[in-house]
Amino acid sequence: MSSKPQDAVADVSVLPLTRPQLAEARRMRAAELFEQRRPSSEVARAVGMHPESVRRWKRLWEQGGAQALRRCPATGRPPKLDDAQVEAVRTALERGARAHGFEADLWTLERVGVVVERVTGVTLARASVWRLLTGRLGWSLQRPRRQAVERDKSEIARWVAQEWPRIKKGR
């Protein structure tokens, strides 16, 4: 414990890991376990992967060490948005959809595409917007529960307590 009555915690923003980063972290953990001479089945359970994947990783590790399990740079066309632009988009999206003039505070691929274009000047196809959200930003699909705006909880409780027993007795 600190001698100070209130510990000051540094305001460090930790961004969520992307899927490729999580996969690499899992492989690095497996490499640590390989170095400890743990059996593949135990490593598979520890990292939450299929044993065949772990055996493939072990063959790579035996040939090239932990470096062989690191991520390789992506081949093909480079992404349209650099890291600074992605962070600008993240900041804009975290403000909410209403802050960008949309009627409801709900994100759709089309709306995110509009915000990306406003913030960066880059037009993305729907599929690219999806990859941006799930791959680079680490967001996931979440659908709002559908409920009527007019829903009245007290009226529902009254109906369940009074009307439903009366209706049920009539059977």
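As a basis for the values below, the full set of heavy atoms in this structure was taken, side chains included, without hydrogen atoms, waters or symmetry mates.
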Quick one: list whatever passes side chain to side chain contact (heavy atoms under 4.5 Å, CB included) with Gln36, sequence neighbours left out.
Leu33, Arg38

Should Glu155 and Arg158 count as side-chain neighbours, where that means a heavy-atom distance under 4.5 Å?
yes

Can you name the closest pair of heavy atoms from Val119 and Ala88 and give their distance?
CG1-CB, 3.8 Å

Salt bridge (Lys or Arg N to Asp or Glu O under 4.0 Å): which pairs involve residues 80-90, sequence neighbours left out?
Asp83-Arg136, Glu87-Arg90

What heavy-atom pair brings Ala30 and Val43 nearest, and what distance separates the two atoms?
CB-CG1, 3.7 Å

Salt bridge (charged side-chain N to carboxylate O under 4.0 Å, His left out) assessment of Arg59 paired with Glu62
CA-CA 5 Å; Arg59 285 191 300 272; Glu62 288 169 344; over 6 Å; no

Least distance between heavy atoms, Pro165 atom then Ala161 atom
CG-O, 3.2 Å

Would Arg27 and Glu24 pass as an ion pair if we require N to O under 4.0 Å?
no

Taking all non-hydrogen atoms of both residues, which atom of Ala31 and which atom of Leu69 are closest, and how far apart?
CB-CD1, 3.9 Å

For residues 16-48, which residue pairs qualify under ring-ring contact (aromatic ring centres under 6.0 Å, His included), counting only residues two or more places apart or in two chains?
Phe34-Trp61

Do Leu22 and Val47 land in one hydrophobic cluster if side-chain heavy atoms of ILVMFWY residues count as linked below 4.5 Å?
no

Heavy-atom side-chain proximity of Leu81 to Val116 below 4.5 angstrom
yes

Return the OG1 to CZ distance between Thr134 and Arg19, rounded to the nearest 0.5 Å.
5.5 Å

Return the CH2 to CG distance between Trp139 and Leu132, rounded to the nearest 0.5 Å.
9.5 Å

According to a 4.5 Å side-chain heavy-atom criterion applied to Ile, Leu, Val, Met, Phe, Trp and Tyr, with indirect links allowed, do Met28 and Trp57 form part of one hydrophobic cluster?
yes

Only residue of Leu141, Val89, Leu109 satisfying side-chain contact (heavy atoms from CB on, under 4.5 Å) with Leu133 is Leu109

If we count only N and O atoms by modelled type, under 3.5 Å, do the side chains of Thr123 and Glu117 hold a donor and an acceptor together?
yes

So do Val114 and Phe102 actually touch side chain to side chain, heavy atoms under 4.5 Å?
yes

For Gln67, all residues meeting side chain to side chain contact (heavy atoms under 4.5 Å, CB included), sequence neighbours excluded
Arg70

Hey, could you give me each pair passing side chain to side chain donor-acceptor pair (under 3.5 Å) that has a residue in residues 92-113? Not counting sequence neighbours.
Glu110-Arg126

Sort and list the pairs that fulfil side chain to side chain donor-acceptor pair (under 3.5 Å) and have at least one residue in residues 43-53, not counting sequence neighbours.
Glu52-Arg55

